2 protein chains.
Amino acid sequence: MHVDIGNALSSVASPGVSRDSLERLDEQVATAHERIETGMANADHGYEALNLPERTDPDEIRAAVEPIADAEALLTIGIGGSSLGAATITNALESDTETVFLDNVDPAWVSNHLERLPLAETAINVVSRSGTTAETLANFLVVRVAFESAGVDWTERTIVTTGDSGPLRDLVERHGLPSLLVPDGVPGRFSALSAVGMVAAAVCGHDLEALLAGAAAERETLTGSLFDCPAYAYGATTYALDQRGAGVNAIMPYAESLETSAEWFAQLWAESLGKDDLGQTPVRALGVTDQHSQLQLYRAGPRDKLVTFVTTEESADRPIPTTDVEDLAYLGDATLGELLAAEFEATEASLAAAGRPNVRVELERVDEYELGGLLYGMEAACVLAGELYGVNTFEQPAVEWAKKATRGLLGGGDFEEAAAVAEKTELRVER
Amino acid sequence: MHVDIGNALSSVASPGVSRDSLERLDEQVATAHERIETGMANADHGYEALNLPERTDPDEIRAAVEPIADAEALLTIGIGGSSLGAATITNALESDTETVFLDNVDPAWVSNHLERLPLAETAINVVSRSGTTAETLANFLVVRVAFESAGVDWTERTIVTTGDSGPLRDLVERHGLPSLLVPDGVPGRFSALSAVGMVAAAVCGHDLEALLAGAAAERETLTGSLFDCPAYAYGATTYALDQRGAGVNAIMPYAESLETSAEWFAQLWAESLGKDDLGQTPVRALGVTDQHSQLQLYRAGPRDKLVTFVTTEESADRPIPTTDVEDLAYLGDATLGELLAAEFEATEASLAAAGRPNVRVELERVDEYELGGLLYGMEAACVLAGELYGVNTFEQPAVEWAKKATRGLLGGGDFEEAAAVAEKTELRVER
């Protein structure tokens with residue numbers, strides 16, 4: 001990926017960062033880079049994620065998915081980091097294999113998917129490091145019974161990605177299921193470039209080597225200066241803008257195929273940096289659609305935002321037919337792609353003209369190589385930002401409370417958190 | 001809808017609002033309510049939207065869609081307020097009619113839809129008040145030619161919702177197309193309960209009278225006190241929390257069927273209130289999925305957020321099969337619906353336990369009546385909030401700049417905004 005931070009400069013925007021400030025910040029970047037390099041060299045928890053381009057073995061993944069490689073549909077059961085990386089890749093790229101991600105426990109929605117899918121032609125991709133994630137395991141139990149009811153042997157059609165112990169690992173051993181390991185030291189939201197994200201890509205026939213090569217090319221740019229490294233330029237700029245009041249980071253790809261990447265980014269950013277009362281709030285947006293929804297706020301609301309555009313230089317196109325309606329004639333000389341590009345440039349410029357900071361992340365096109373670069377680049381940006389904030393980027397302690405309370409409420413043990421639920425303060429206004 | 005603001009009180013959360021402050025704020029609510037009632041009585045621009053439960057004629061809508069009522073698929077071409085209301089309703093409710101919303105100009109995505117849809121069995125619902133919206137008209141031109149290429153007469157399968165003049169109105173007259181009026185005085189984001197939102201609902205066979213009755217029931221609660229009116233309770237509380245630092249409003253329905261309602265809410269909130277450097281930033285989230293993505297930030301990040309939960313009391317359910325895995329046995333005593341409910345209660349309580357403000361918006365179930373209430377209630381909440389902020393709720397001037405620039409870039413006229421695009425400040429970091 002390439003990154004253009006020109007519209008985040010204080011000469012353009014407020015909040016904005018001056019070139020002098022960026023030079024000073026670059027000294028902190030150099031120090032942070034040393035810590036990152038050391039963490040990578042030692043395979044320390046979290047930093048190990050940045051080694052995935054060399055660690056992940058595409059042949060191993062392809063061999064594991066071989067028994068289900070002819071599936072018409074792939075049902076991935078996972079949530080959060082066990083789902084969003086895979087969804088980002090497979091939703092971005094064309095494939096004959098339909099992909100469905102069961103990342104929620106809404107009963108009607110789960111039932112609709114199971115009724116609609118051709119189960120005899122569907123493969124199951126279940127992903128949970130611990131093997132105990134409540135939503136994932138509940139859905140897996142439901143899916144297994146649905147397959148059995150349809151007379152389909154789920155043990156013939158399931159691949160498991162999990163840790164080296166736990167209920168899913170036990171299941172693998174009992175049924176001899178194909179399986180892969182969630183790599184040690186790689187938190188879920190940083191695992192898109194491991195088996196966690198790449199099993200689905202492999203089943204869909206995507207080029208795993210190109211995904212890793214794109215990531216490796218980004219890895220090569222990790223040097224001690226934000227001026228030489230797109231990932232660090234992005235991470236340092238977002239950090240500097242947050243320091244100056246841009247507590248919101250709206251990520252706005254200008255491609256429907258990249259819509260899921262904004263969800264993936266939102267988890268990466270929120271769960272990694274949202275701690276110790278710090279962290280930017282990610283907002284998922286989509287160009288051009290959200291120009292007609294969010295742009296008013298971005299341009300004229302509080303000066304608390306950075307807008308991150310993600311653009312592609314090349315894409316498929318389609319001409320707009322000519323029309324004899326005078327007021328619309330200008331459209332007929334263009335293509336949809338030209339309209340999309342003009343809308344992006346206009347929106348970017350409209351924010352700059354209003355002094356609102358924005359950053360452009362450029363991909364050459366949407367393919368495996370560029371996606372690998374985007375995933376790796378944003379992860380590296382996030383790790384750098386975490387170093388600059390001084391937070392523990394790779395933990396997510398604040399989600400434990402609700403997990404315990406959920407378990408307690410369902411009778412899965414004695415947890416004081418569950419008792420607290422009953423003490424809710426009410427001030428209810430009824431219709 | 002019912003609203004519970006107990007977890008927004010200062011006794012629970014920081015930022016939070018004290019009961020005394022709410023009492024004082026209620027005096028402002030009373031004054032604002034008088035302005036709202038006057039605006040409604042005079043059918044003033046914007047306020048007229050709150051009269052839609054009485055103004056909209058379901059028979060007229062059903063009569064207009066009659067020629068296309070048997071379509072297998074409905075392709076709605078519109079963007080922003082011309083799309084999100086309809087999508088909120090039809091994505092929430094089950095129907096045999098497939099709905100597709102062309103609300104973007106991404107060429108590959110548009111082409112994929114047109115290749116996939118059975119055009120001979122597809123109806124077109126084109127919506128633009130001015131009849132000149134670039135994205136909508138470009139897509140409509142593309143769609144018409146695709147129908148022609150497939151040998152399907154689009155004039156037999158198209159319904160138009162537009163203003164009383166403009167290119168789409170001319171087209172209606174030239175081809176004798178069925179058409180409906182975008183009502184005067186009703187901005188797009190407030191038009192879900194007019195023909196703009198209800199044509200798609202009618203084609204899908206949903207109960208239009210129930211949608212309007214649910215809205216009318218909410219309208220009955222519009223009195224001069226936030227303590228008697230769920231909509232005002234919500235609008236006043238969000239305003240008070242924003243004043244106290246909660247500049248972000250994360251809306252998090254706990255139902256997949258309500259996911260689009262969060263997008264609709266985000267436009268309503270952003271475009272209505274995001275002006276004069278004011279306005280809360282809406283963030284779309286989804287329970288339970290985003291517990292594994294955003295909850296860490298919401299619970300432990302900056303104290304700049306309100307989380308708005310939208311819950312339903314009744315829904316379809318599905319048992320979780322029992323398992324002999326000890327660590328998972330508790331799941332087998334429950335249903336997916338119970339798991340979903342426990343996760344919601346746990347998440348709500350986990351935010352309260354961390355002193356993070358949150359509000360619960362309760363629907364009894366997802367049906368036409370309750371959806372009508374949600375749409376109307378949130379619109380009324382937004383109008384009240386606009387009065388309290390003192391902004392011009394019903395305009396969106398900041399989006400004009402980019403529209404002019406886009407048009408200029410495509411050769412549709414001479415606009416200084418287009419010239420500004422070329423002057424972009426660059427600071428590019430390449431891979």
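All of these numbers come straight from a predicted model, not from anything done at the bench. So that the names make sense, note that chain A is the first sequence line, chain B the second, and so on, each numbered from 1.
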Donor-acceptor contact below 3.5 Å, side chain Gln296(A) vs main chain Gly274(B): yes
Non-hydrogen side-chain atoms of Val325(A) and Leu137(B) separated by less than 4.5 Å: no
Partner chain B: residue of Lys404(A), Glu430(A), Glu271(A) with the largest heavy-atom pair count (under 4.5 Å): Glu271(A)
Flag for Glu94(A)-Asn112(B): side-chain donor and acceptor within less than 3.5 Å: yes
Smallest separation among heavy atoms of Pro107(A) and Leu340(B), with atom names: CD-CD2, 4.3 Å
Non-hydrogen atoms of Asp106(A) and Ser257(B) that approach each other most closely: OD2-N, 4.4 Å
Option that, when pairs with chain B are counted at under 4.5 Å, heavy atom only, ranks first among Ile79(A), Val12(A), Val248(A): Ile79(A)
Partner chain B: residue of Gly411(A), Ala349(A), Gly166(A) with the largest heavy-atom pair count (under 4.5 Å): Ala349(A)
Interchain contact, Ala266(B) with chain A, by part (heavy-atom threshold 4.5 Å): both
Donor on one side chain, acceptor on other, Ser111(A) and Arg318(B), under 3.5 Å: yes
Chain B interface, residue from Lys305(A), Arg303(A), Glu263(A) that has the most non-hydrogen pairs under 4.5 Å: Lys305(A)
Gap between atom CZ of Phe344(A) and atom CG of Leu409(B) - 0.5 Å precision: 11.5 Å
Gln267(B) CD to Leu295(A) CG distance, which is reported to the nearest 0.5 Å: 11.5 Å
Heavy-atom closest contact (Phe227(A) atom, Val429(B) atom, distance): O-CG1, 3.7 Å
Glu348(B) portion near chain A, given a 4.5 angstrom heavy-atom threshold: side chain
Glu343(B) side, atom CD; Glu135(A) side, atom CD - distance, nearest 0.5 Å: 4.0 Å
Part of Ala352(A) lying under 4.5 Å from any heavy atom of chain B: neither
By side chain to side chain donor-acceptor pair (under 3.5 Å) - contacts of Asp317(B) (at least two apart): Thr335(B)
Gln396(B)-His292(A) side chain donor-acceptor pair, cut-off 3.5 Å: no
Closest non-hydrogen atom pair between Val145(A) and Pro321(B), with its separation: CG2-CG, 3.3 Å
Non-hydrogen side-chain atoms of Pro302(B) and Leu278(A) separated by less than 4.5 Å: no
Separation between CZ of Arg299(B) and CH2 of Trp401(A), rounded to the nearest 0.5 Å: 6.5 Å
Contact class of Arg360(B) relative to chain A, heavy atoms under 4.5 angstrom: side chain
Exam field: side chain Asn7(A) to backbone Lys424(B), donor-acceptor pair closer than 3.5 Å: no
CZ on Arg431(B) to SG on Cys229(A), rounded to 0.5 Å: 11.5 Å
For Thr347(B), side chain to side chain donor-acceptor pair (under 3.5 Å) partners two or more places apart: Tyr254(B), Gln291(B)
Residue pair Val142(B) / Pro319(A), side-chain heavy-atom distance below 4.5 Å: no
Region of Leu9(A) that comes under 4.5 Å of a non-hydrogen atom in chain B: side chain
Which of Ile320(A), Val3(A), Thr221(A) touches chain B most, by non-hydrogen pairs under 4.5 Å: Val3(A)
Structural part of Leu114(B) lying under 4.5 Å from a heavy atom of chain A: side chain
Derivation of the side chain to side chain contact (heavy atoms under 4.5 Å, CB included) call for Leu427(B) and Arg19(A): CA-CA 10 Å; Leu427(B) 202 174; Arg19(A) 284 178 191 262; 3.8 Å; yes
Worked verdict on Thr281(A) versus Thr281(B) for side chain to side chain contact (heavy atoms under 4.5 Å, CB included): CA-CA 10 Å; Thr281(A) 299; Thr281(B) 299; over 6 Å; no
Cationic N near anionic O, under 4.0 Å, Arg284(A) to Asp290(B): yes
Donor-acceptor contact present, side-chain Asp4(B) to main-chain Glu426(A), <3.5 Å: no
CG-OG1 distance between Asp327(B) and Thr132(A), expressed to the nearest 0.5 angstrom: 5.5 Å
Side-chain heavy atoms of Thr406(A) within contact of Leu339(B), under 4.5 Å: yes
Lys403(B) versus chain A, the contacting section by heavy-atom distance below 4.5 Å: side chain
Carboxylate-amine/guanidinium proximity below 4.0 Å for Glu362(A) and Arg428(B): yes
Under 4.5 Å from a heavy atom of chain A, the part of Val288(B) involved: both
Max heavy-atom pair count under 4.5 Å with chain B, selected residue of Ser82(A), Ala341(A), Ala231(A), Gly287(A): Gly287(A)
